[in-house]
Amino acid sequence: MPYKERDINKMYYTMGEVSAMFNVNQSMIRFYEKEFDILQPKKNKKGNRLFTPEDVENLKIIFNLINDRGFTLQGARDYLKQNGSEAKESQQVIQSLENLKKFLLEVKEQL
């Protein structure tokens, strides 16, 4: 079996890395930070935002609600306040399905 590199999980992600992950402008990330209370990135002495993996997961939930499921900003805010744990569980299911799809596509390429 060939050597497979492990995924490196960082403690903090910069604003540029997060905006590249979601393929959006940095201004949209800043806007969502103001709109949603669950996003609380740390700021260093220079004022640069540093996102934890939990913040990135929360952004995934927000983008899923707004872009994929068609919620408005107010609707997404209300949904997260009422069903926060349910939203996190559904995001974990989505992530595991995406990982499974990625694995199956790799197996298909090897055949």
Checklist line | Residues Lys60, Glu57: salt bridge by 4.0 Å N-O rule | finding: yes
Margin query: Cation-pi check for Tyr79 against Arg69: NZ or CZ below 6.0 Å from the six-membered ring centre and within 45 degrees of the axis, yes or no?
Written below: yes
Item checked: Parallel, tilted or perpendicular: ring planes of Phe63 versus Tyr32, cut at 30 and 60 degrees -> perpendicular
Item checked: Atom pair CG/CD of Leu59 and Glu54 - distance to nearest 0.5 Å -> 11.5 Å
Check: Does any non-hydrogen side-chain atom of Val56 lie less than 4.5 Å from one of Met21?
Finding: yes
Next item on the list: Could you walk me through whether Leu39 and Ile62 pass side chain to side chain contact (heavy atoms under 4.5 Å, CB included), step by step?
Entry: CA-CA 10 Å; Leu39 287 179; Ile62 292 168; 3.9 Å; yes
Margin query: Is any side-chain heavy atom of Tyr13 closer than 4.5 Å to one of Pro41?
Written below: no
Note to self: Distance check, rounded to the nearest 0.5 Å: Lys108 atom NZ versus Phe103 atom CZ?
What the structure shows: 14.5 Å
Notebook entry, point to check: Would a distance-only check, ignoring hydrogens and angles, find a side-chain to backbone donor-acceptor pair under 3.5 Å from Asn67 to Asn64?
Noted result: no
Item checked: Under 3.5 Å: donor-acceptor pair, side chain of Glu17, backbone of Thr14 -> yes
Next item on the list: Could you tell me whether the side chain of Lys42 reaches within less than 4.5 Å of the side chain of Arg49, counting heavy atoms only?
Entry: no
Next item on the list: Check the side chains of Thr52 and Asp55 for a donor-acceptor pair under 3.5 angstrom, ignoring hydrogens and angles.
Entry: yes
Margin query: With rounding to the nearest 0.5 angstrom, report the CD1 to CG distance, Ile94 to Asp68.
Written below: 7.0 Å
Item checked: Interatomic spacing from CZ in Arg30 to OG in Ser19 - rounded to 0.5 Å -> 9.0 Å
Notebook entry, point to check: Got Gln95 and Asn99 here, is their nearest side-chain heavy-atom distance under 4.5 Å?
Noted result: yes
Note to self: Please check: side-chain N/O of Asn44 versus main-chain N/O of Gly47, any donor-acceptor pairing under 3.5 Å?
What the structure shows: yes
Check: Mind checking whether Val18 and Val24 sit in one hydrophobic cluster, side chains of I, L, V, M, F, W, Y counted as touching below 4.5 Å?
Finding: yes
Note to self: With no hydrogens and no angle check, just 3.5 Å: does a side-chain donor-acceptor pair link Gln74 and Asp78?
What the structure shows: yes
Next item on the list: Supply the atom-to-atom distance Ser90 OG to Leu65 CG, rounded to the nearest 0.5 angstrom.
Entry: 7.0 Å
Margin query: Distance check, rounded to the nearest 0.5 Å: Asn48 atom CG versus Leu50 atom CG?
Written below: 7.0 Å
Note to self: Can you confirm whether Asp37 sits close enough to Leu80 that some side-chain heavy atom of one is under 4.5 Å from a side-chain heavy atom of the other?
What the structure shows: no
Next item on the list: Look at the side chain of Arg77 and the backbone N and O of Glu35, then say whether any donor-acceptor pair between them is shorter than 3.5 Å.
Entry: yes
Checklist line | pair Ile38-Ile61: side-chain heavy atoms closer than 4.5 Å | finding: no
